[in-house]
Engineer: 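Input: one structure, supplied below.
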Amino acid sequence: MNNEVLILVLALATLGIVIGVALWQRARVAAKKNDPERSAFTKTHGEAPRPNRPGTEH
């Protein structure tokens, strides 16, 4: 195996591992939230911000 092929294989393997870990972590978060949908941020992004919680005004 020459070096070009080895570098390509290692790059693709690394990319595959990174994508796999990201999907695994995404599934863990969805399971903990008991909600497979995306986060509330992506759902409500662009709307007016929610009011501050009591005691957090600066």
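The chain is numbered in sequence order, starting from 1.
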Engineer: Which residues end up grouped with Leu12 if you chain together Ile, Leu, Val, Met, Phe, Trp and Tyr wherever their side-chain heavy atoms are less than 4.5 Å apart?
Structural biologist: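 Answer for Leu12: Leu8.
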Engineer: For the residue pair Arg26 and Trp24, would you count it as a cation-pi contact if the rule is NZ or CZ under 6.0 angstrom from the ring centre and within 45 degrees of the ring axis?
Structural biologist: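 Relative to the ring axis of Trp24, which defines the angle, Arg26 lies outside at least one limit.
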Engineer: Drop me the distance from Ile19's CD1 to Leu15's CG, to the nearest 0.5 angstrom.
Structural biologist: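 If we round to the nearest 0.5 Å, Ile19:CD1 and Leu15:CG are 4.0 Å apart.
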